[in-house]
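Structure first, then comments.
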Amino acid sequence: MSSSAMETPTVFSIFVFFLSLCIGLRAPPAMAEDAAIATVKVGVVLDSDSSIGKMGLSLMEMALSDFYGFHRNYRTRLALFPKNSMGDVVGAAAAALDLIKKEEVEAIVGPQSSTQATFMADLGKKSQVPIISISATTPPLNPRRNPYFFRATQIDSSQVQPIAAIIKAFNWRQAVIIHSDDQYGEGLLPSMRDALREINTRIYETAIPQSASDDRIAKELYKLMTMQTRVFVVHMLPELGTRVFSMAKEIGMMGAGYVWIITDGMSNSPSHIDDSAVEAMSGALGVRTHIPRTRELEDFQLKWGRRFEQEISELNIFGLRAYDATFALAKAVEKVGTTEFIFKKSSVSGKSTDLDNLGVSKNGPRLSEALSKTHFKGLAGDFRMVEGQLQSSTYEIINFNSKFITVVGFWTPENGLTQTLNSTNISSNTSVANLSHIIWPGDGPNSFSFPKGWETPTNEKKLRIGVPVKSGVSKFVREITDPVTNRTKTTGYSIDIFEAVIKALPYAVSYEYIRFADKKGAMAGSYGDMVMQVRLGVYDAVVGDVSIRESRSENVDFTLPYSESSVSMVVLFKDNNKKAWLFLKPLTLNLWVTTAFSFAFIGLVIWVLEHRINEDFRGPPSHEIGTSFWFAFSTLVYAQKEKVESNLARFVVIVWLFVVLILTQSYTASLTSLLTVQKLEPTFTDMNQLKQQKVNVGYPNGSFVQELLIAEGLDRSKLVIYNNMAHCGALLLNGTIAAAFDEIPYLKVLTTTYCTNCTMAGPTLKSNGFGYVFPKGSPLGRDVSKGILDIMESGVLKEIEDRWFKGNISSPDPNSLISTTLGLESFWGLFLVSGAASSSALIVALAGFLHKQKHVLKLSTVSMWERFLLLLKSFDQKDPNSPALRKNRNDESPEVKDVRFEPHPSPSCDSSYINEGLSPCNFDDFHGEQSPTPLPSQSR
């Protein structure tokens, strides 16, 4: 055998030797690791005879098997110590006490009911042993007050928001909560009351004991049938709930018009409801915790079905919570570590009870803190504890349809109601459109209408509505007698608005009007006395023209005002036409000044245009000024005698005559209106005049107006009571009172019906308007307030107001009369046209004159001022080329000769002026109106 062949076995033998050595060396540590794994005792307290108890324990065992199969390297292992609670509080407490004292468990999982968990939570707090509940949903258990109690399930109060969202979406304003008469049933009520109060829904409550017989259940349901509401929320466990629905179907309460909403106590446990009960619940809605459909959950359900198909019913949310809670506890224990899982015994001697001898878990605080920080994705969804409470998750809205259950929507804290969880186009988080089609009780498969939620009851107590008694004819509250039936009917503006609001409410209200009258049929007291009848319980409400006052709101609630109101004053008119300067009233001061300036400007323009060519506009200065103004102002009556010769002047006069025509016609019309239409003004304009003259003032009987007038400083002895608007009008007309104070709606009736010679005047004293009266905290009062807003927005209130008040011609208010005075803003266009025409003509005329006198402008040896004087002197002379002047000369007598004067230079004249062509000094020697003749030597 070769050497190479010999070396191969040797190397292999050495490799096998070292491999064996390594295995031998690793074996002891492995054994040491097994020895280092710590076993942590966990108690389980469940009702072994219930389906939840059986399922919970099985799923906890599966959870430990799966958890440690995933985490083989963990150094802790949970060991379950199950105890049967026997289904009652005593059995659960005894089991928990035994587990803590004898087994010294580090945690306990599983008190099923809230009553069991309440006592066990106290044991956990005393011994510092965390208590983890998977099905105690009643709100009174507050984990924040006990750091060793953990609720690994949804609290019942978290479902009130989705239920309230459903009720609000369908605008149901009344609902009945049918609950079991125990801690579980009553635990939901406080949060449900608050949630429904926020959406202005009235809530009624009915309790049915767990041990109630069928006759007792039927009796309670028959009682509910007599009410007007048809919306019922059922909060009880399946054992009692299925009996209630079976009886409801039997007596006819699962027909059309009824609404049933089931809480998650039944919705989360459909396997506990038999087929006959599901069929009886057809058309009902339910809310239940949404379980996300994940790959892990589907795999687990297959595994669960193969293992427990014959032993345990269908998997539900409580079983999944038990599985996730076990995972969380295993994670927390591993996080704490393997040390100090021991109990500290009580060191106090002489204790005789088991509670006194309880030990304290040394590692309990750390385990409790670790549980609070545990967070992972479980089979039932996101597992996160905040202050010992599992956070709210998504809810499903389900619809029972014969033997099937369909999901019609979802509710999330972020988006409210949605058809799908991935919906992004949400119009409103409480809209019916955000739910899929629902099959209601008694509906056919193609029905798309939803119940209105109420029916008119046959024997419901009618509300007693107090109404004021109004003497005379009132537009607010009046009684009329039907000539056919001879029955008295209450009507009026206030009554019609109230009835329109009641008609628009989403439920029926039965009521009757009760007159607030004494034996003689008159008003039994003041409005304040009538309001107090609501406080005393005599009336359920008061409807009428009741003013909202702060003092009254201390005893009752007012609705929103249906009519704005303020206190004002009514006085008689006085004729104000007899004024000496009334003729100036048609035009405003600005228009008078502008017109006068325009006349002067037109006179100036005409003089400039006619002075050199028209003999009528020449002469001494006083004559020329008088003639110009006379011509301009005489155009008012078209009486101007002077004849204008210039075409430019004629153009200006034509435009100006058009302006004058418009002005005179407008002035005439306005003055005629002022003189023929009666100009009325109030006799008094404010309270100070009433105080100074110490006149009598009227106020309505039984009104708060008296207190208001006294507060304003009016003398109490001068206040006179009137009973109605007709009485008030009579007192004003016969002079008994000089003024009357009342709320504006009443005064409108007074001035349009009973005293047309009166007007409202003076300052307005603000008030809060008219409202309806309800007892403190009345939900109907809140609904009526909302109804008032609705009919305001829809225009119904305006229609009622027009029906009662429109068509009456209101008396004129001097402060709001249509003005007959004309202002400059109405004629500035005319003045602009006239000014433009006059200015244009003036510019053209001056331009022509300067063109003819351009030789004067070119004089370089004289100053600018002297040239200006030369132009003025030249302008003052007649224009020899004027056709008008030539015509005048031809018309003169033959004996009259045209005498011309030769200029004779003055000794003071400078020869340089003559050399320029014209000596200004010659103008001093001119006599008459002949134009100077140039010297022969200067002719060109």
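These numbers were taken from a predicted model, which means no experiment stands behind them.
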Aromatic plane relationship, Phe450 with Trp440 - under 30° parallel, 30 to 60° tilted, over 60° perpendicular: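 Rings of Trp440 and Phe450: tilted, as their planes differ by 30° to 60°.
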Check residues 773-782 and write down every donor-acceptor pair under 3.5 Å in which the side-chain atom is one partner and the other belongs to a residue at least two apart or another chain.
| residue | atom | partner | partner atom | Å |
| --- | --- | --- | --- | --- |
| Lys776 | NZ | Ser553 | O | 2.8 |
| Ser778 | OG | Leu780 | N | 3.3 |
| Ser778 | OG | Gly781 | N | 3.3 |

Please enumerate all residues that pass salt bridge (Lys or Arg N to Asp or Glu O under 4.0 Å) together with [X], with sequence neighbours excluded.
{"X": "Arg535", "answer": "none"}
{"X": "Asp529", "answer": "none"}
{"X": "Asp742", "answer": "none"}
{"X": "Lys798", "answer": "Asp802"}

Write out all pairs satisfying ring pair (Phe, Tyr, Trp, His ring centres under 6.0 Å) with one or both partners inside residues 511-537, taking only residues at least two apart or from two chains.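 Counting only pairs at least two positions apart or across chains, the ring pair (Phe, Tyr, Trp, His ring centres under 6.0 Å) contacts touching residues 511-537 are Phe498-Tyr511, Tyr511-Tyr513.
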How close do Ala541 and Val534 get, counting heavy atoms only, and between which atoms?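 For Ala541 versus Val534, the nearest heavy atoms are C-CG2, 3.9 Å.
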Specify the closest pair of heavy atoms between Met687 and Glu712, including all atoms of both residues, with the distance to one decimal.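 Taking Met687 first and Glu712 second, the nearest heavy atoms are SD-CB, 3.8 Å.
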Just to verify, what does [X] make a side chain to side chain donor-acceptor pair (under 3.5 Å) with, not counting sequence neighbours?
{"X": "Tyr493", "answer": "none"}
{"X": "Ser563", "answer": "none"}
{"X": "Tyr667", "answer": "none"}
{"X": "Tyr746", "answer": "Asp545"}

Can you check whether Leu591 reaches Phe831 side chain to side chain, under 4.5 Å on heavy atoms?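 Of all side-chain heavy-atom pairs linking Phe831 with Leu591, at least one is under 4.5 Å.
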Side-chain donor-acceptor pair present, Ser494, Tyr772, cut-off under 3.5 Å: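 Judged by distance alone, the side chains do not pair up.
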Exercise: do Asn734 and Thr736 side chains pair donor with acceptor under 3.5 Å: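 Distance-only check passes for Asn734 and Thr736.
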Give a yes or no on whether a salt bridge exists between Glu205 and Arg193, defined as a side-chain N under 4.0 angstrom from a carboxylate O.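 Answer for the salt bridge query: yes.
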Check ion pair Arg202-Asp783 (N to O, under 4.0 angstrom):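 No salt bridge links Arg202 with Asp783.
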Can you measure from CD (Glu198) to CG (Leu196) and round to the nearest 0.5 angstrom?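 One gets 9.5 Å once the value is rounded to the nearest 0.5 Å.
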Under the salt bridge (Lys or Arg N to Asp or Glu O under 4.0 Å) rule, what pairs show up with a residue in residues 509-526, not counting sequence neighbours?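 Every pair satisfying salt bridge (Lys or Arg N to Asp or Glu O under 4.0 Å) with a residue in residues 509-526: Glu479-Arg515.
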Between Asp540 (side chain only) and Arg464 (backbone N and O only), is there a donor and an acceptor less than 3.5 Å apart?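 Such a contact is found between Asp540 side chain and Arg464 backbone.
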Solution key, residues 787-795 side-chain donor-acceptor pairs under 3.5 Å, sequence neighbours excluded:
| residue | atom | partner | partner atom | Å |
| --- | --- | --- | --- | --- |
| Asp790 | OD2 | Lys786 | NZ | 3.4 |
| Ser794 | OG | Asp790 | O | 3.1 |
| Ser794 | OG | Ile791 | O | 3.3 |

